[in-house]
Student: 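One structure follows; several queries about it will come next.
Heavy-atom basis, side chains included; hydrogens, waters and symmetry copies ignored.
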Amino acid sequence: PILYSYFRSSCSWRVRIALALKGISYDLVPVNLIKDGGQQFSAEFKALNPMQQVPALKIDGITLSQSLAIINYLEETHPNPRLLPQDPKKRAQVRMIADHIASGIQPLQNLSVLKQMGEKKMEWAQSCITSGFQALEQILQHTAGRYCVGDEVSMADLCLVPQVANAERFKVDMGPYPTITRINKALLELEAFKISHPSRQPDTPAELRA
């Protein structure tokens with residue numbers, strides 16, 4: 001497999017965690033979202049992913065984009081360890097939380113939107129993340145065990161950790177979100193989350209390396 005990724009992209013990080021958890025080795029091709037006006041806009045990358053976003057994964061003769069679609073494919077082709085619970089209610093909760101982050105928070109504060117916001121980008125990102133986290137904290141109080149849904153790492157957790165990193169980058173006060181903070185801390189102790197971390201990627205700038 002070949003993963004097209006950017007060290008700081010939270011969507012790419014979700015997929016890196018999934019690949020690490022499932023023990024799938026891959027080649028990484030960095031796509032710098034800032035350099036040269038954004039390498040994702042090159043004709044070569046547009047042919048690979050017409051949405052001109054990372055991640056993209058070449059695997060089993062196909063090219064997939066969209067992090068949750070990629071994770072679902074990995075789940076179906078490499079079922080162990082599972083990232084979706086067997087219980088239909090828990091599985092629905094995992095998907096709900098993953099969608100809450102991947103559709104309801106992350107796209108509102110991603111690079112292309114922040115460019116449009118100009119000088120107000122920090123304020124805008126904080127507002128989007130805060131409103132999303134207020135809801136998420138409430139949801140997790142009902143679903144969480146050690147992790148987002150019970151005591152097994154799931155697709156929801158793969159979305160949570162990169163989003164908390166974004167929140168910290170945009171200086172969001174995490175004080176009101178003790179459940180999110182506790183789960184994030186527990187997940188960051190796991191090897192798959194450590195090796196996929198933005199501070200440990202081949203394209204991480206020297207000053208941001210762990």
Student: So does Val113 get a backbone contact from the side chain of Trp124, meaning a donor-acceptor N/O pair under 3.5 Å?
Tutor: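 Not a single qualifying donor-acceptor pair exists.
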Student: Given side chains that start at C-beta, do those of Pro30 and Leu28 come closer than 4.5 Å, heavy atoms only?
Tutor: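 Result yes, sub-4.5 Å side-chain heavy-atom pair found.
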Student: Taking the side chain as every heavy atom from C-beta outward, state whether Ser112 and Lys115 have any atom pair closer than 4.5 Å.
Tutor: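 They are not in side-chain contact.
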Student: If you compare all heavy atoms of Ile101 against all heavy atoms of Cys159, which two are closest, and at what distance to 0.1 Å?
Tutor: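 Distance-wise, the nearest heavy atoms are CG2-O, 3.7 Å.
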Student: Heavy atoms, side chains only, cut-off 4.5 Å: are Tyr177 and Thr130 in contact?
Tutor: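 Yes. Closest side-chain heavy atoms under 4.5 Å.
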Student: Within the supplied structure, the quantity of interest is the number of heavy atoms (other residues, nucleotides, ligands) at a distance under 6.0 Å from Lys194 NZ; does it exceed 12?
Tutor: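 Yes, the 6.0 Å shell around NZ holds more than 12 heavy atoms from other groups.
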Student: Can you tell me if Ser103 uses its side chain to pair, donor with acceptor, with the backbone of His100 under 3.5 Å?
Tutor: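 Looks like no, no N/O pair under 3.5 Å.
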Student: Walk me through it: do Gln163 and Gln106 pass the test side chain to side chain contact (heavy atoms under 4.5 Å, CB included)?
Tutor: CA-CA 7 Å; Gln163 188 54 59; Gln106 191 276 328; 3.6 Å; yes
Student: With a 4.5 Å cut-off on side-chain heavy atoms, are Arg8 and Arg169 touching?
Tutor: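 Sidechains of Arg8 and Arg169: in contact.
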Student: Sequence neighbours left out, what passes side chain to side chain contact (heavy atoms under 4.5 Å, CB included) with Lys58? Give chain and number order.
Tutor: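 Lys58: side chain to side chain contact (heavy atoms under 4.5 Å, CB included) contacts with Ile2, Tyr4, Leu48, Thr63.
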Student: Around atom CD of Gln141, are there more than 12 heavy atoms of other residues, nucleotides or ligands at under 6.0 Å?
Tutor: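 More than 12 heavy atoms, drawn from other residues, nucleotides or ligands, come within 6.0 Å of this atom.
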Student: Can you confirm whether Val164 sits close enough to Met174 that some side-chain heavy atom of one is under 4.5 Å from a side-chain heavy atom of the other?
Tutor: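 Of all side-chain heavy-atom pairs linking Met174 with Val164, at least one is under 4.5 Å.
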Student: Is there a donor-acceptor pair under 3.5 Å between the side chain of Asn80 and the backbone N or O of Arg82?
Tutor: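 Checked: no pair found.
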Student: Return yes when atom CD of Glu191 has more than 12 non-hydrogen atoms of other residues, nucleotides or ligands closer than 6.0 Å, and no otherwise.
Tutor: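 Correct, the count exceeds 12.
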Student: Would you mind reporting whether Ile59 and Thr77 have side-chain heavy atoms less than 4.5 Å apart?
Tutor: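 Not touching, per the 4.5 Å side-chain cut-off.
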Student: Looking at Lys121, I want to see if its NZ is surrounded by more than 12 non-hydrogen atoms of other residues, nucleotides or ligands under 6.0 Å.
Tutor: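 Counting neighbours around NZ of Lys121, 12 or fewer heavy atoms of other residues, nucleotides or ligands fall under 6.0 Å, so no.
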Student: Verify the distance criterion only: is there a donor paired with an acceptor across the side chains of Gln52 and Gln39 at less than 3.5 Å?
Tutor: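 Their side chains do not contain a donor-acceptor pair, so the 3.5 Å distance test is not met.
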Student: For a quick test of reading the model, state the closest non-hydrogen atom pair linking Glu75 to Pro81 and the distance between them.
Tutor: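 Taking Glu75 first and Pro81 second, the nearest heavy atoms are OE1-O, 4.1 Å.
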Student: So, Arg91 side chain and Leu84 main chain: donor-acceptor pair closer than 3.5 Å or not?
Tutor: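 No; zero donor-acceptor contacts below 3.5 Å.
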